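Below is one structure; the comments refer to it alone.
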There are 2 protein chains.
Amino acid sequence: MENPRLTEISSLGEFGLIDRLTADIPASHANQSTLTGIGDDCAVMRYRDTDILISTDLLLEGVHFDLTYVPLKHLGYKAVAVNLSDIYAMNGTPRQITVSLGISRRFAVEHIEQLYEGIKLACSIYGVDIVGGDTTSSRQGLVISVTAIGDADPDSIVYRSGAHDTDLICVSGDLGAAYMGLQLLEREKVASAGQKDFQPDFAGKEYLVERQLKPEARRDIIRELRKAGIKPTAMMDISDGLSSELMHICKASGTGCRIYEDRIPIDYQTALMAEELGMNLVTAALNGGEDYELLFTVPLHDHERITKVPGISVIGHITRPDLGCAMITRDGSEIQLKAQGWNPLATVEENNTKS
Amino acid sequence: MENPRLTEISSLGEFGLIDRLTADIPASHANQSTLTGIGDDCAVMRYRDTDILISTDLLLEGVHFDLTYVPLKHLGYKAVAVNLSDIYAMNGTPRQITVSLGISRRFAVEHIEQLYEGIKLACSIYGVDIVGGDTTSSRQGLVISVTAIGDADPDSIVYRSGAHDTDLICVSGDLGAAYMGLQLLEREKVASAGQKDFQPDFAGKEYLVERQLKPEARRDIIRELRKAGIKPTAMMDISDGLSSELMHICKASGTGCRIYEDRIPIDYQTALMAEELGMNLVTAALNGGEDYELLFTVPLHDHERITKVPGISVIGHITRPDLGCAMITRDGSEIQLKAQGWNPLATVEENNTKS
């Protein structure tokens, strides 16, 4: 560590580091269910009339993120947001998280503070308490493991398995932008190699970069659906790509599906970027991943109500299982859906080079 | 991967691997509170009259374990046991775990199956359900993140902060053996370097090896205490060393303490090994770590009852805070306790070479 203004982590030790990172976490918890947080063998929670939802994600440097272009604060924010997204995708409300970090020697206390700034910002925005974790050294690279805990009224929980024949397939926001943002960031990384004062060119592509670096969990959509009195029959968040997630829902529900190419919501920046890179736009939207939008199904009789909810696109419908899972293209032909989304058992590079 | 009998993980993909690892997990859950497990965005649990305890640990290859001498099955068992230990240390009962794995390319499906065998064995022995997790590739080394969820009657939870002046300080089992086991394994690793058919010499030291490789969570002690009608005033499990943990209790409780060197329970194999290695035995027992025994305090009036509980040693008592934390040595002198236990922000080697 050559910068004298940076503090070596070993100079604080584990408990010193934790104290420093958590010093400004308010003593009063955002949620009633949080009884005690950091500072004992376990966190203690109390849920009385609700069910409890737990989701966990493991993020590894070189597999899930590249610190050449991912700012640590954004990374912290994203690590929390993607976990909360899973809780919302069950129609629940996130309440607590635990954060475990493996930190290699090239990180100073100030770096981990930046990471934590993003973590705390996400917690504050989504009203979630940090209740525990584990902090350790890592031999290589940064390791982030976040577990989110949330609650839901037992009657409100939405599983993947509840879709029925004729249900409408809906998706929030737009798709493929996070993947295009990744392509853009990777391109600028290559272009910058060896140049000291390289200025990446993101003009007119800010949305793509933001979608990749700072995704949001769609709490707003969950609230809108509740307000509209709509309970989805099945729901997931889109982390590995629309195609893969839709096939999960159909498999769990024992159904088939038809979606329509021209109904898939795509931002114009995504379309322009795909053209610039000579990539197939629909492939990016189907398999790109990391959009963290909500994919859900609603009964056919909710058609009028769902079309009034802002930010929702109806992209197709559920079918009998024997009809399989397919997309109707713009020219009316039918192509089978494939689950070739982001592969967590591959590296960043391998996922980036998939077509 | 040169062994043709091994299966490459990429040949299965994430969901194929998870299916294979979890195929023999019984559909019926061990715990009523487990509603749904693996296979949706979240696991769903229901706790009605109890509070919920959550604890999480991050284990990294090269920092927490060395696969040269740690069998994968043992590693899986230990990864679960050390998390359950935290739940018992709050006087709770573990019910569920999530298991996240980062797997590097040198591992085959069969290797991860061995790891999972240990995980499932621990779950079966302790009556815990595996409800979720995340599986991904890792650039370097194996990453294991386990989160344990448990419950406790609100009136039964024991925090670190409840110790009072005159309370008796108690410890289960014996201390320092896991640390001596680590020293032994490291010695045999060095001795075996470059030798193909090296047979490590563990004769007469089996207990030390077992304590290091396959620690147990002390559920039995929690049960014995309940049977005896004793509720500790404060409790922790000893993962970083007696000295460090005792100072945590005293800090959280606003007290001091006195422990007696001659009361610290040490197995004869630990003592022989310390002599063989020329190490200070009491230092090993105070700072060795990874024993996963329970350290707890009970009111003075429980003295007679606690001495009747098998496997418990009374090693000292809590004092007023101004008296500090100290150990009375065999020759009657008083030495201040220091928290120089296992340092999670150091590497295996650094922790092994501490004195």
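Per chain, numbering begins at 1; letters A, B, ... match sequence-line order. What you see is a predicted model, and the numbers here were worked out from it, not measured in a lab.
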Practice task
Check for a donor-acceptor pair, side chain of B:Arg46 on one end and backbone N or O of A:Asp51 on the other, with a separation under 3.5 Å.
Solution key: no
Handout entry: Contacting moiety of A:Gln96, where chain B heavy atoms sit under 4.5 Å
Key = neither
Handout entry: Residue, of B:Gly39, B:Ser33, B:Ala252, B:Gly92, that accumulates the most heavy atom pairs under 4.5 Å with chain A
Key = B:Gly39
Practice task
Please look at A:Thr56 and chain B and tell me whether the side chain, the backbone, both or neither of the residue comes under 4.5 angstrom of a heavy atom of that chain.
Solution key: both
Practice task
Could you list which of residues 145-153 of chain A have a heavy atom closer than 4.5 Å to any heavy atom of chain B, in residue-number order?
Solution key: A:Ser145, A:Thr147, A:Ile149
Completion exercise
Residues at least two apart in sequence or cross-chain that pass side chain to side chain donor-acceptor pair (under 3.5 Å) with B:Glu110, listed by chain then number, are B:Thr7
Exercise for the section: Please confirm whether the backbone N or O of A:Gly141 pairs with a side-chain atom of B:Arg139, one donor and one acceptor, at under 3.5 Å? Expected result: no
Practice task
If a pair satisfies salt bridge (charged side-chain N to carboxylate O under 4.0 Å, His left out) and one of its residues is in residues 36-45 of chain A, list it, with sequence neighbours excluded.
Solution key: A:Asp40-B:Arg160, A:Asp41-B:Arg160
Handout entry: Gap between atom NE2 of A:His64 and atom OG of B:Ser137 - 0.5 Å precision
Key = 6.5 Å
Exercise for the section: Select one option (side chain, backbone, both, neither) describing which atoms of A:Leu59 are under 4.5 Å from chain B's heavy atoms. Expected result: neither
Practice task
Give a yes or no answer on whether the side chain of B:Arg48 reaches the backbone of A:Tyr47 with a donor-acceptor pair at less than 3.5 Å.
Solution key: no
Exercise for the section: List for me each residue that meets salt bridge (charged side-chain N to carboxylate O under 4.0 Å, His left out) alongside B:Asp57, sequence neighbours excluded, and say none if there are none. Expected result: none
Exercise for the section: Could you check which of B:Asp86, B:Val131, B:Asn83, B:Asp237 has the highest count of heavy-atom pairs closer than 4.5 Å to chain A? Expected result: B:Asp86
